[in-house]
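Below: one structure, written as structure tokens.
All values below come from the heavy atoms of this structure, side chains included, with hydrogens, waters and symmetry mates left out. Ligands are counted one by one from 1 in listed order, and the atoms in each one are counted from 1 as well. Just so we're clear, the structure is a prediction, and the values are computed from it rather than from any experiment.
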Amino acid sequence: MIDNSYIEINIPALKNNLNFIQSMLGDKCELVSVVKGNAYGHGIENFVPAVAACGVKSFAVFSAYEAKKIVDIGLELDRVVIMGYIDDDQLEWAIENDVEIYMFDLLRLSNATLAASKLNKKVKIHIEVETGLNRTGFDTKELKKVFQFIEQNHQQLEIKGVCSHLAGAENIANYYRIKQQMTRFNQYLRSFKEEDIGFGKSHLACSAAMMNYPATIKDMVRIGIMQYGLWPSKEVKMAYVVRENIIEDPLKPVLSWKSKVMSTKYVKMGEYIGYGSSLLAEQDMRIATVPVGYADGFARSLSNQGKVLIAGHRLDVISIVNMNLFVVDISNVDEIQEGDEVVMIGDQEDQSVSVASFSDFSSQLNYELLTRLPNDIPRIITN
Ligand SMILES: *Cc1c(COP(=O)(O)O)cnc(C)c1O
């Protein structure tokens, strides 16, 4: 049984993207697959095993809740890292399951150490340093205290990494700020070395940084958006395509989102379609309703804006997107019938609606659009 819509996860596309990313990294750098936001909407339960099957066994998430979803799959993995939120009462779970945790303030560090001594097991940590994003992370002034704490509590601590995050590497307008962050990060690494504190792996790069600032590729990179076959921004794509003088996109979108025509009908000239008066039929029309709405992540901003594919044609979404359905103008395509496949994101015959174009119409970031796809839409693996 298929619900009102479904998402397909294309495994050959995923393999292609991971190969492309690996080719940017060389063999010494560890690739960490970032699967926060329910694997950018692709679904952790399906996506993580698929990535692991391609040989990438390191994952990063935002929260302990997401880490638990990965651990519960029961795969043999190299690492699972929580980059953001963990509640104090989840610390023991994380330590017991060898889940690694970002540390960005002393309270968190001491709470984690307490939990570790209670369990008589080391907590695996990444020290996040402040380089200029100004969100979380230890700054240079706190570093001395951190070093002292580490020395005093080394029996409870295993340092797996030192890391920081860049403030918009996908946009050349941030060039100066990013360069400054890179310099500061290297200064932190020197401080660790001077104090002779082993820090495991250094990691700074996300997708955009890997492409635009190769010097950010350290011992490890944290890659999200590009493994899903999307670019962090048009700018990053253009810079690469122009530099390499290529036409074909080296990335392949992994996700498609599809539904079916629920019903078709004719509407007479002079009638309004849907709620209110946003669409007046200026001639006799034929319309199709699709059982997908803003409750499913099909944004209201796509009202009278969106495009979908039916029967190999690119067609207009008309009228207001409702909670559970939207309407498509099929006046010019006689062969469309109830039950026909509708593609909201993906390909059909020689047509395609990309996440990028979809997010343009809805004025959402591609990251935002994907992560807003509800968790309960079925994800189907296609090979
Ligand atoms: C989301 C995230 C990444 C991955 O970013 P992409 O642009 O998707 O590659 C890397 N590091 C941190 C800290 C993140 O939050």
Side-chain angles (χ1 to χ4, degrees), residues 14 17-18 20-22 24-25 29-42 44 47-48 51 56 58-67 70 79-86 100-104 125-138 160-172 174 178 181-182 185 188 201-214 216-237 239-240 250-251 253-255 355-356 359 364-373:
L14 172 64
N17 302 334
L18 291 173
F20 177 75
I21 294 162
Q22 295 281 15
M24 293 286 130
L25 298 177
C29 177
E30 179 179 334
L31 168 58
V32 178
S33 163
V34 178
V35 292
K36 65 195 182 193
N38 199 26
Y40 292 41
H42 293 60
I44 282 184
F47 192 77
V48 167
V51 172
V56 176
S58 300
F59 294 91
V61 291
F62 178 74
S63 67
Y65 173 79
E66 295 170 325
I70 298 181
R79 66 172 93 229
V80 177
V81 192
I82 298 169
M83 303 185 293
Y85 190 70
I86 180 164
E100 305 174 10
I101 315 169
Y102 269 38
M103 290 293 147
F104 40 69
I125 63 171
H126 293 251
I127 306 283
E128 188 186 12
V129 293
E130 178 60 74
T131 55
L133 179 59
N134 290 309
R135 229 168 46 168
T136 48
F138 294 104
K160 303 295 279 186
V162 177
C163 52
S164 192
H165 192 41
L166 298 169
E170 69 283 357
N171 193 333
I172 200 69
N174 301 324
I178 300 297
Q181 285 193 274
M182 290 164 65
F185 188 67
Y188 282 103
K201 301 213 164 180
S202 59
H203 49 110
L204 181 60
C206 56
S207 297
M210 171 182 76
M211 299 306 296
N212 285 356
Y213 304 89
T216 60
I217 301 171
K218 305 278 186 187
D219 304 322
M220 212 164 95
V221 293
R222 309 178 303 263
I223 303 296
I225 196 83
M226 285 179 67
Q227 62 182 329
Y228 306 104
L230 304 170
W231 292 86
S233 69
K234 275 189 195 141
E235 236 180 86
V236 176
K237 177 181 177 179
Y240 180 76
L251 299 176
V254 171
L255 176 146
V355 171
S359 41
Q364 288 173 302
L365 277 179
N366 50 12
Y367 294 78
E368 178 183 354
L369 184 153
L370 288 172
T371 52
R372 282 192 173 195
L373 293 171

Below 3.5 angstrom, do we get any N/O pair linking [X] and ligand 1?
X      : result
Ile225 : yes
Ser207 : yes
Val34  : no

Counting N and O atoms only, with roles assigned by atom type, does the side chain of Glu66 sit under 3.5 Å from a partner on the main chain of Phe62, one being a donor and the other an acceptor?
yes
Donor-acceptor check, side chain of Asn17 to backbone of Leu251, threshold 3.5 angstrom: yes or no?
no
Mind checking the OH-CD spacing from Tyr367 to Glu170? Nearest 0.5 Å is all I need.
6.0 Å
With under 30° as parallel and over 60° as perpendicular, where do the rings of Phe20 and Tyr240 fit, or are they tilted in between?
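Perpendicular: the ring planes of Phe20 and Tyr240 meet at over 60°.
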If the threshold is 4.0 Å, N to carboxylate O, is there a salt bridge linking Glu130 and Arg135?
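Result for this pair is no, no salt bridge flagged.
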So, 4.0 Å and heavy atoms of Phe62: is ligand 1 close enough to count as a contact?
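Flag not set, Phe62 not near ligand 1.
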Applying side-chain contact (heavy atoms from CB on, under 4.5 Å) between Val35 and each of Val61, Val80, Val51, report the one that passes.
Val61
Polar contact flag, side-chain donor to acceptor under 3.5 angstrom, Arg222-His203
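His203 and Arg222 do have a side-chain donor-acceptor pair below 3.5 Å.
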So, Gln181 and Ser164: side-chain donor and acceptor under 3.5 Å apart, yes or no?
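Ser164 and Gln181 do not have a side-chain donor-acceptor pair below 3.5 Å.
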Protein contact of atom 12 (C) of ligand 1 - nearest heavy atom, named by residue and atom, plus distance
His165 CE1, 3.4 Å
Heavy-atom nearest neighbour in the protein, as seen from atom 5 (O) of ligand 1, with distance rounded to 0.1 Å
Cys206 CB, 3.5 Å
Going by the atom numbers of ligand 1, which of them fall below 4.0 Å from some non-hydrogen atom of [X]?
X      : result
Tyr367 : 6 (P), 7 (O), 8 (O)
Tyr40  : 1 (C), 4 (C), 5 (O), 6 (P), 8 (O)
Met83  : 12 (C), 13 (C), 14 (C), 15 (O)
Lys36  : 1 (C), 2 (C), 3 (C), 14 (C), 15 (O)

Which is it for Arg222 and ligand 1 at heavy atoms under 4.0 Å: side chain, backbone, both or neither?
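Both backbone and side chain of Arg222 come within 4.0 Å of ligand 1.
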